[in-house]
There are 2 protein chains.
Amino acid sequence: MAAAEEDSLRSVSIAFSILDCFALTPELGPSAVAREVGIAKSTASRMLAVMASRGILERREGGRYRLGLRLFEYGQLALFRLNLFEISVPILADLRDRVRDLVQLGIPVGAEILFLDRFEAQNLDLRFHGEAWRRVPAHSSSSGRAVAAFNPAVARTVFEAGLIRRTRYTVVDPRRLSEILVQVRERGYASTDEELEEGISSVAAPVLVTDEQGVRAVAAVSVVGPSRRLRRGGTGTIGAHVQDAAHRIGIALSA
Amino acid sequence: MAAAEEDSLRSVSIAFSILDCFALTPELGPSAVAREVGIAKSTASRMLAVMASRGILERREGGRYRLGLRLFEYGQLALFRLNLFEISVPILADLRDRVRDLVQLGIPVGAEILFLDRFEAQNLDLRFHGEAWRRVPAHSSSSGRAVAAFNPAVARTVFEAGLIRRTRYTVVDPRRLSEILVQVRERGYASTDEELEEGISSVAAPVLVTDEQGVRAVAAVSVVGPSRRLRRGGTGTIGAHVQDAAHRIGIALSA
DNA sequence: CGCTGCGTTCGCCCCTGGCGAACGGTCGCG
DNA sequence: CGCGACCGTTCGCCAGGGGCGAACGCAGCG
């Protein structure tokens, strides 16, 4: 993972490499960072101090650091500036009209999926409205699988968090989940069948983006509905629609 | 706004100052950045290129740049690592039990408030469930006002976006909103009365954080309910509860 | 009690990173 | 049309900043 770095603007590259370290470990001190990035301990110490003074990192007891609030704010700003909502709203509304079920846009937050937006069809069961989750475990949701299959960092977090059982259908065996993720990569979309809640199924596709770091999923589009109806409609057809919507959002994001 | 910068680790400080530039303007080129930060145009050009190569920024047509997806991902990571949910869930659940109404946690995204989590009381009207907003205009929501009152950058965005009318009670006069924000700062909490939807009122308090940059709001806790019930309960009492919850989250965030 | 690890501090010396100038392109106005 | 103003990019230079290593003080542990 390390090495092969363009080292123009050395210190700037180092700074962001340091940020990347915190993707894997919540809290780090200068020594660990120095080891990880391949710089002198003293340099790491200085770097961390500067970044902490800007709120990018947060200094904790004992000279260790963690990601700071400023980063969280930058994220909100980026979310806004990338026009994620403006881009996705018409696409998701269109998808909802096609599948006539609940459509959601979710992003990974740790080992959970946080739903940012939701589009409800007219003919939905009322019981859905009552049980309106904001966050769900990634391993037992189609959105989570869609993202994890195309984002190693997320997958790692999911496996590390552990696969807790939600229903008797929930996949809790890591090996089994790995196989599922392989299938997801092959098919291009993910699904769950009563794994989060009995009687409820879902289909999701990853929103993929491409940049210098490669291709990875940053979000997912999902369709949720009663297992009976989703099965009747055929997850294949829905899968295609969901995939199309997610793909279009990905394209627009990078435009 | 500029100047008075600690200039140890010059280039790193510059890099993050550049990021700050994009808080105000969506898209910038080297010249503009150089002017803003006070560096040479060539330096800005190089910096932007490096940051773009890391996905922090995104290069657009014509050598201009905007915030990149990587920043969005860092934000998600920070959200996770700051334990915002773990911290807020018990506090919000407690608040819900006190006020026995809908409790929400929201963050600013541009001129809108995005609700991250929601806690519903048992005795809620069913109509609420149907109309479950994810995002609302900041100017006509109590959460938006709570954040804007304690975060100049957000306030700026809100005023620039324009105050669109939602109901006949919506405050659409910028001057009037300014006065309201002053009141919010004085009282410590914000409220709206049928401004987003007729018959619905809300009370919100800012989640404040303190660091080297000063004090500012990064989120808001709000209580929403039928205007009748909220008025009966007295917004003052609810305000105190909401303020307390928001305060506790803020404290825990910086712990 | 030593040993190992941590985080911090200091001084040095080299190299990188910031600067200014020059270049090519584009736009808009006279 | 052509000039000028502005843009983004590139180049070479030179100095001072920054990364390094060593030394320090401190915990934790065997």
Side-chain angles (χ1 to χ4, degrees), chain A residues 2-22 24-68 81 211-212 255, chain B residues 2-22 24-68 81 211-212 255:
Chain A
E5 281 291 322
E6 181 73 57
D7 63 350
S8 57
L9 261 313
R10 189 89 204 289
S11 50
V12 174
S13 292
I14 289 177
F16 289 113
S17 296
I18 288 178
L19 280 191
D20 291 332
C21 291
F22 287 92
L24 303 173
T25 322
E27 212 170 301
L28 291 169
S31 294
V33 167
R35 237 180 293 118
E36 197 86 22
V37 180
I39 55 175
K41 197 169 51 158
S42 53
T43 307
S45 194
R46 227 157 21 105
M47 286 283 194
L48 291 169
V50 170
M51 291 167 78
S53 81
R54 290 197 142 260
I56 307 297
L57 297 176
E58 210 171 84
R59 202 207 159 100
R60 319 271 298 160
E61 295 286 306
R64 304 174 67 80
Y65 297 80
R66 68 168 179 179
L67 296 178
R81 286 292 157 69
D211 60 15
E212 282 82 357
Chain B
E5 280 292 324
E6 180 73 55
D7 62 350
S8 58
L9 262 310
R10 189 90 204 291
S11 51
V12 175
S13 292
I14 290 177
F16 289 112
S17 295
I18 288 178
L19 279 190
D20 291 333
C21 290
F22 287 92
L24 303 171
T25 322
E27 213 170 300
L28 291 168
S31 295
V33 168
R35 238 180 290 118
E36 198 85 22
V37 180
I39 55 175
K41 197 169 52 157
S42 55
T43 306
S45 195
R46 230 158 17 107
M47 286 283 195
L48 291 169
V50 170
M51 292 168 76
S53 82
R54 290 199 142 260
I56 307 296
L57 297 176
E58 209 172 85
R59 203 207 158 99
R60 319 273 297 161
E61 295 286 308
R64 305 174 66 83
Y65 296 80
R66 68 167 179 178
L67 296 178
R81 286 294 156 70
D211 60 14
E212 282 82 355

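The shown structure was predicted, so the numbers you read here are calculated from the model rather than taken from an experiment. Just so you know, these numbers use all the heavy atoms, side chains as well, and skip hydrogens, waters and symmetry mates. Throughout, protein chains are lettered first and strands after them, A, B, ... in sequence-line order, and every chain is numbered starting at 1.
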Gap between atoms CZ and C1', on B:Arg10 and D:dG19 respectively (whole Å): 17 Å

Approximate separation, where rounding is to 0.5 Å, of A:Ser11 OG and A:Leu9 CG: 6.5 Å

Nucleic acid footprint by protein, nucleotides 7-13 of chain C - heavy-atom cut-off 4.0 Å, B for base, S for sugar-phosphate alone: BBBB---

Spacing between B:Ile39 atom CD1 and C:dG17 atom C1', to the nearest angstrom: 11 Å

Those residues that, when tested against B:Arg66, pass salt bridge (Lys or Arg N to Asp or Glu O under 4.0 Å) (two or more places apart): B:Glu58

Approximate separation, where rounding is to 0.5 Å, of A:Thr25 OG1 and B:Arg81 CZ: 7.0 Å

Bend angle of the helix from C:dC1-D:dG30 to C:dG30-D:dC1, end axes from five pairs each (to 10°): 30°

Sugar-phosphate, base or nothing in reach of B:Arg35, heavy atoms under 4.0 Å: sugar-phosphate

Salt bridge (Lys or Arg N to Asp or Glu O under 4.0 Å) partners of A:Asp20, counting only residues at least two apart: B:Arg54, B:Arg70

Results of side-chain hydrogen bond (donor to acceptor under 3.5 Å, both in side chains) for A:Arg35 - residues two or more places apart only: none

Rounded distance (nearest 0.5 Å) linking atom CD1 of B:Ile56 with atom CE of B:Met47: 13.0 Å

Rounded interatomic separation in angstrom, taking CG from B:Leu57 and P from D:dG8: 14 Å

Nucleotide C:dG17, atom P - distance to CG of B:Leu9 in whole Å: 11 Å

Student check: side-chain heavy atoms of A:Leu57 and A:Phe22 closer than 4.5 Å: yes

Length of the line joining B:Glu61:CD and D:dT9:P, which is rounded to integer Å: 12 Å

Nucleotide D:dG19, atom P - distance to CG of A:Leu48 in whole Å: 12 Å

Counterpart residues, side-chain contact (heavy atoms from CB on, under 4.5 Å), relative to A:Ser45 (two or more places apart): A:Pro30

